[in-house]
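Only one structure is covered here, and it is reproduced in the block below.
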Amino acid sequence: MNGSKPNYYAIITADVRYDNRLTANEKLLFGEITALSSSTGECWASNAYFAELYGKDVRSVKRWVKSLTNLGYINSKMEYKQGSKEVKRRILTLVTKLT
């Protein structure tokens with residue numbers, strides 16, 4: 001990332017902000033996903049991208065994504081290379097549309 005950070009707004013909806021089941025980092029990740037998905041409605045960033053962005057371990061990011069998915073705040077879908085079981089990319093989408 002060469003020391004540069006994204007420069008756009010993130011939104012953390014009230015239901016996410018006040019959900020005591022979520023950690024502060026999970027809430028922050030939700031905000032980052034909203035920022036990255038604003039133009040297309042989809043976020044393609046990898047766990048490694050988020051880990052580098054926040055200086056955290058990839059395993060931590062995986063837990064955060066799983067928590068947000070299990071609690072119904074985001075959907076996670078794998079897109080595979082044609083005719084293969086190799087993952088092309090993961091697509092994160094928000095369950096609630098932002099207005």
Side-chain angles (χ1 to χ4, degrees):
M1 285 194 2
N2 303 337
S4 66
K5 299 267 192 262
N7 188 17
Y8 37 78
Y9 291 97
I11 298 170
I12 302 175
T13 57
D15 55 342
V16 171
R17 256 190 345 262
Y18 302 118
D19 189 332
N20 292 328
R21 299 169 296 176
L22 294 171
T23 67
N25 284 331
E26 291 165 346
K27 294 173 186 183
L28 182 62
L29 178 64
F30 179 84
E32 191 68 35
I33 293 167
T34 67
L36 293 172
S37 64
S38 63
S39 62
T40 63
E42 298 178 336
C43 172
W44 307 298
S46 67
N47 291 338
Y49 169 82
F50 291 126
E52 184 179 339
L53 182 67
Y54 294 119
K56 298 294 182 182
D57 189 80
V58 171
R59 290 174 298 181
S60 296
V61 175
K62 285 181 183 181
R63 283 192 304 273
W64 302 344
V65 170
K66 185 174 182 165
S67 178
L68 289 167
T69 302
N70 288 344
L71 292 172
Y73 292 115
I74 63 171
N75 289 321
S76 177
K77 177 181 148 191
M78 296 297 186
E79 189 175 282
Y80 297 93
K81 293 185 179 179
Q82 188 172 1
S84 167
K85 291 185 179 184
E86 185 179 348
V87 175
K88 179 179 176 183
R89 67 181 175 176
R90 176 196 57 199
I91 303 168
L92 300 175
T93 55
L94 302 174
V95 171
T96 303
K97 298 293 182 202
L98 303 177
T99 56

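Predicted, not measured: the structure shown is a model, and the values here were computed from it.
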Task: Nearest-0.5 Å distance, NZ of residue Lys77 to CZ of residue Arg89 - done: 8.5 Å
Task: Gap between atom NZ of Lys56 and atom CG of Leu29 - 0.5 Å precision - done: 12.5 Å
Task: Nearest non-hydrogen partners of Glu26 and Thr23, listed with the distance - done: OE1-N, 2.8 Å
TODO: Take Thr34 and Ile12 through the test side-chain contact (heavy atoms from CB on, under 4.5 Å) and record every step on the way to the result.
DONE: CA-CA 8 Å; Thr34 67; Ile12 302 175; 6.0 Å; no
- [ ] With rounding to the nearest 0.5 Å, note down the distance linking CG in Leu22 to CG in Leu28.
- [x] 12.0 Å
- [ ] Check Ala35 against Ala10 and note the closest heavy-atom contact, atom names and distance.
- [x] CB-CA, 4.0 Å
TODO: Check whether any side-chain heavy atom of Val87 sits under 4.5 Å from a side-chain heavy atom of Tyr80, and report yes or no.
DONE: yes
Open item on the list: For the backbone of Trp44 and the side chain of Arg90, can you confirm whether one donor and one acceptor N or O come within less than 3.5 Å of each other?
Closed with: no
Task: Val58 versus Ala48, closest heavy-atom pair with distance - done: CG2-CA, 4.0 Å
Task: Thr13 side, atom OG1; Lys27 side, atom NZ - distance, nearest 0.5 Å - done: 10.5 Å
- [ ] Report yes if the side chains of Asn25 and Ser60 come closer than 4.5 Å at any heavy-atom pair, otherwise no.
- [x] no
- [ ] Identify the two heavy atoms, one from Thr69 and one from Ser76, that lie closest to each other, and give their separation to 0.1 Å.
- [x] OG1-CB, 4.1 Å
Open item on the list: Could you measure the distance from the CD1 atom of Ile74 to the OG atom of Ser67? Nearest 0.5 Å is fine.
Closed with: 9.0 Å
Task: Separation between CG of Asn47 and CD of Glu52, rounded to the nearest 0.5 Å - done: 13.0 Å
Task: Heavy-atom check, side chain of Phe50 versus side chain of Cys43, under 4.5 Å - done: yes
Task: Minimum heavy-atom distance Arg21-Leu71, with the two atoms named - done: NH1-CD2, 3.2 Å
Task: Stepwise side-chain hydrogen bond (donor to acceptor under 3.5 Å, both in side chains) check, Tyr54 with Glu32 - done: CA-CA 11 Å; Tyr54 294 119; Glu32 191 68 35; 2.8 Å; yes
Open item on the list: Taking Phe30 as the starting point, is it possible to reach Ile91 by hopping between hydrophobic residues whose side chains are less than 4.5 Å apart?
Closed with: no
